[in-house]
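Okay, structure first, notes after.
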2 protein chains.
Amino acid sequence: MRIAEKPPTVTDAASPCLPPPLPLDDQLCFAIYSAAHAMNRVYKPLLEPLGLTYPQYLVLLVLWQTDDVTVKDLGSRLFLDSGTLTPLLKRMEAAGLVTRRRDTADERLVRVTLTPDGRALRDRAGAVQQAVGCASGLDAAAMGALHRALTELRDGLKGT
Amino acid sequence: MRIAEKPPTVTDAASPCLPPPLPLDDQLCFAIYSAAHAMNRVYKPLLEPLGLTYPQYLVLLVLWQTDDVTVKDLGSRLFLDSGTLTPLLKRMEAAGLVTRRRDTADERLVRVTLTPDGRALRDRAGAVQQAVGCASGLDAAAMGALHRALTELRDGLKGT
DNA sequence: CCGAATTAAATTGCGCGCAATCGAATTGTG
DNA sequence: CACAATTCGATTGCGCGCAATTTAATTCGG
C-alpha cells in the first residue's frame with residue numbers, strides 16, 4: 001500500500017518475500033520529520049528577537065497556561081525528560097525568564113515559575129503565532145484536520 | 001491545582017488587539033513537533049539492531065534509491081546541510097556503510113557511495129517500515145491524507 | 001589569462017533530545 | 001522503626017541540526 005502516487009524512477013519487481021523499502025518521499029515518517037524541521041526554521045527567526053529557542057517557547061506556552069509546575073509536569077506535557085529540560089530550564093533561568101526551586105514539602109520536586117520578564121513575553125507570542133499561521137499557507141479546516149491526525153498518530157505511537 | 005490568584009496582567013491591557021497565545025495542545029506546530037519525536041522513539045529501537053540512527057537511515061533510503069550522490073544532493077533531498085551531513089557521513093563511513101571520495105572532475109564535490117554492507121542493509125529495512133506502519137494505528141487512507149498535507153505544509157513553509 | 005565572485009564541504013560553537021546512570025528524598029512493607 | 005523499592009531531578013555521553021565561518025576548487029568578467 002503506497003502512500004502517494006507511484007514515483008517516477010524506481011520500479012519494484014513483483015513483491016518478493018520481503019518488500020523493498022519505500023522510497024524516501026513516500027514515507028510518512030519523512031513527511032513528519034521534514035515538516036517539523038521546516039516549522040522550526042520558520043519559528044527560529046521569529047523567536048530570535050525574543051531570545052528564545054523553539055523548545056524554550058514551548059515551555060513558556062505551558063507556563064503561560066499553568067504557572068508553577070514541576071519539571072516532571074513540563075516533561076509529561078511536552079514529551080521531554082529531565083535530561084533535556086534541566087539544562088534548558090537552567091538557560092531560561094540564566095536569561096531571567098523563570099525561577100527554579102525545590103518544593104518545600106517534597107524536596108525531590110523542582111517547581112518552575114515565571115518571572116515578570118517571562119510573563120511579559122506572552123504579549124509578543126501572539127504575533128509569532130499569527131506570522132506562522134500565515135506562513136503555513138493552509139486554511140483553517142486543513143490545519144484542524146492535520147492537527148487531529150497528528151495528535152492521534154502521536155498518541156497511538158506512544159502506547160506502542 | 002493551586003489557588004488561582006489573579007496574575008498581574010498589565011500586558012493584556014497593554015495590547016488588546018493582539019490575541020493571547022493559543023494553548024500548547026491547540027497548536028499545529030506542537031502536534032508536528034511531538035509527533036516527530038514520537039516517530040523517532042518508535043524507530044530508534046527498530047534501527048538500533050542495524051546500527052543506525054534515524055537520520056542515517058534516511059541517508060540510506062536516498063542511496064538505496066540513487067547510489068553515488070554528492071553531499072549537496074543528499075542535503076537537498078533530506079533538507080539538511082553539510083554541517084549536519086559531514087559528521088554523520090563520517091560516522092557511516094567509519095561503520096563501513098558508505099564511502100566518501102572527491103569527484104575527480106570537480107574536486108569540490110564529495111560523492112557518497114554504498115559499500116556492500118550498506119547495500120545489504122536494504123533487505124532489513126522493509127521489516128522496519130512494516131513494524132512502524134503497524135505501530136502507527138492509522139489506516140492507509142488516513143496516512144495518505146496526512147502525508148499529502150504535511151508535504152504541502154513543508155513545501156509551503158519552505159518558500160516563505 | 002588573472003583576479004573576483006561563486007560554489008561545495010568542512011569546521012566551530014551551541015542547543016536540543018535521549019539513554020543510562022547517579023544521588024537524594026519519599027513511600028511502602030514488615 | 002528499619003529497610004527495600006520507588007520517584008524525581010541532575011549528570012554524562014553521544015548524535016543530530018543549524019548558523020557562521022573557513023578553505024579549497026571552479027567559474028566568470030575583464
Side-chain angles (χ1 to χ4, degrees), chain A residues 30 33-48 50-59 69-76 78-95 97-98 100-112 154 158, chain B residues 30 33-48 50-59 69-95 97-98 100-112 158:
Chain A
F30 179 64
Y33 172 88
S34 54
H37 288 317
M39 191 64 85
N40 190 43
R41 285 190 280 268
V42 171
Y43 266 98
K44 179 164 285 195
L46 296 170
L47 291 175
E48 200 195 64
L50 313 193
L52 293 174
T53 65
Y54 181 69
Q56 290 171 7
Y57 167 72
L58 292 182
V59 167
V69 297
T70 65
V71 173
K72 177 131 180 91
D73 287 339
L74 270 174
S76 68
L78 299 176
F79 305 97
L80 297 172
D81 67 358
S82 73
T84 299
L85 287 173
T86 296
L88 185 153
L89 292 169
K90 283 183 175 178
R91 280 186 288 270
M92 292 183 75
E93 187 178 40
L97 300 176
V98 300
R100 297 159 59 249
R101 56 194 188 313
R102 295 278 169 181
D103 187 304
T104 51
D106 186 342
E107 296 247 342
R108 291 172 304 181
L109 308 178
V110 167
R111 309 201 70 90
V112 182
R154 183 240 289 150
K158 214 177 87 170
Chain B
F30 179 63
Y33 171 88
S34 55
H37 288 316
M39 191 65 84
N40 190 45
R41 284 189 281 268
V42 171
Y43 266 99
K44 178 165 287 194
L46 296 170
L47 292 175
E48 199 195 66
L50 313 194
L52 292 174
T53 65
Y54 181 70
Q56 290 170 7
Y57 167 71
L58 293 182
V59 167
V69 296
T70 65
V71 173
K72 178 128 180 91
D73 287 340
L74 270 175
S76 67
R77 291 221 214 189
L78 300 175
F79 305 96
L80 297 172
D81 66 359
S82 72
T84 299
L85 288 173
T86 295
L88 185 154
L89 291 169
K90 283 183 177 177
R91 281 186 288 271
M92 292 183 75
E93 188 178 39
L97 301 176
V98 300
R100 296 160 60 249
R101 58 191 188 309
R102 295 279 169 181
D103 188 301
T104 51
D106 186 342
E107 297 247 340
R108 290 172 303 180
L109 307 178
V110 168
R111 308 202 71 90
V112 181
K158 215 176 77 168

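By convention in this document, chain letters (A, B, ...) are assigned in the order of the sequence lines, proteins followed by strands, and residues within each chain are numbered from 1. Just so you know, these numbers come straight off a predicted model, no measurement behind them.
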**OP:** Mind calculating the distance between CG (A:L47) and P (D:dA19) to the nearest angstrom?
**Re:** 14 Å
Original post:
5'-most contact on DNA chain C: A:P55 or A:A105, nearest heavy atom basis?
Top reply: A:P55
**OP:** Take atom CZ of B:R102 and atom P of D:dT26, then tell me their distance rounded to the nearest Å.
**Re:** 10 Å
Subject >> C:dT6 OP1/OP2 closer than 4.0 Å to side-chain N/O of B:R108 >> reply: no
Original post:
Over how many whole Å does the gap from B:K44 atom NZ to D:dG15 atom P extend?
Top reply: 11 Å
Subject >> Side-chain (B:T86) to main-chain (B:S82) donor-acceptor, under 3.5 angstrom >> reply: yes
Subject >> Contact nearer the 5' end of DNA chain C, comparing A:E107 with A:T84 >> reply: A:T84
Subject >> A:F30 CZ to D:dG17 C1', straight-line distance once rounded to whole Å >> reply: 14 Å
**OP:** Examine C:dG15: is either OP1 or OP2 under 4.0 Å from a nitrogen or oxygen in the side chain of A:Y54? Give yes or no.
**Re:** no
Original post:
Using 4.0 Å as the upper bound for N to carboxylate O, is an ion pair formed by A:R102 and A:E107?
Top reply: no
Original post:
Which of residues 72-80 of chain B have a heavy atom under 4.0 Å from DNA chain D?
Top reply: B:F79, B:L80
Original post:
Under 3.5 Å, is there a donor-acceptor pair between the A:R154 and B:S34 side chains?
Top reply: yes
**OP:** Write down the distance between CG (B:D103) and C1' (C:dT7), rounded to a whole number of angstrom.
**Re:** 14 Å
Original post:
To the nearest Å, how far apart are A:D81 CG and C:dC22 P?
Top reply: 17 Å
**OP:** Would you kindly check whether a donor in the side chain of B:S82 faces an acceptor in the base of C:dA10, or vice versa, at under 3.5 angstrom?
**Re:** yes
Original post:
Should B:T70 be listed as having a side-chain N or O under 4.0 Å from OP1 or OP2 of C:dA9?
Top reply: yes
Subject >> is_close_aromatic(A:Y54, B:Y33), centroid dist under 6.0 Å >> reply: yes
**OP:** Calculate the interatomic distance between A:R91 atom CZ and C:dG13 atom P; express it in whole Å.
**Re:** 17 Å
**OP:** Enter the distance from B:D106:CG to B:R108:CZ here, rounded to the nearest 0.5 Å.
**Re:** 4.0 Å
Original post:
Hey, does the side chain of B:T53 come within less than 4.0 Å of D:dG15's phosphate (OP1/OP2), counting only N and O?
Top reply: no
**OP:** Examine D:dA10: is either OP1 or OP2 under 4.0 Å from a nitrogen or oxygen in the side chain of A:T86? Give yes or no.
**Re:** yes
Original post:
Can you tell me if the side-chain N/O atoms of B:R100 get under 4.0 Å from OP1 or OP2 in C:dA10?
Top reply: yes
Subject >> Nucleotide C:dA8, atom C1' - distance to CG of B:D106 in whole Å >> reply: 8 Å
Subject >> 5' precedence on DNA chain D between A:L85 and A:N40 (nearest-nucleotide basis) >> reply: A:L85
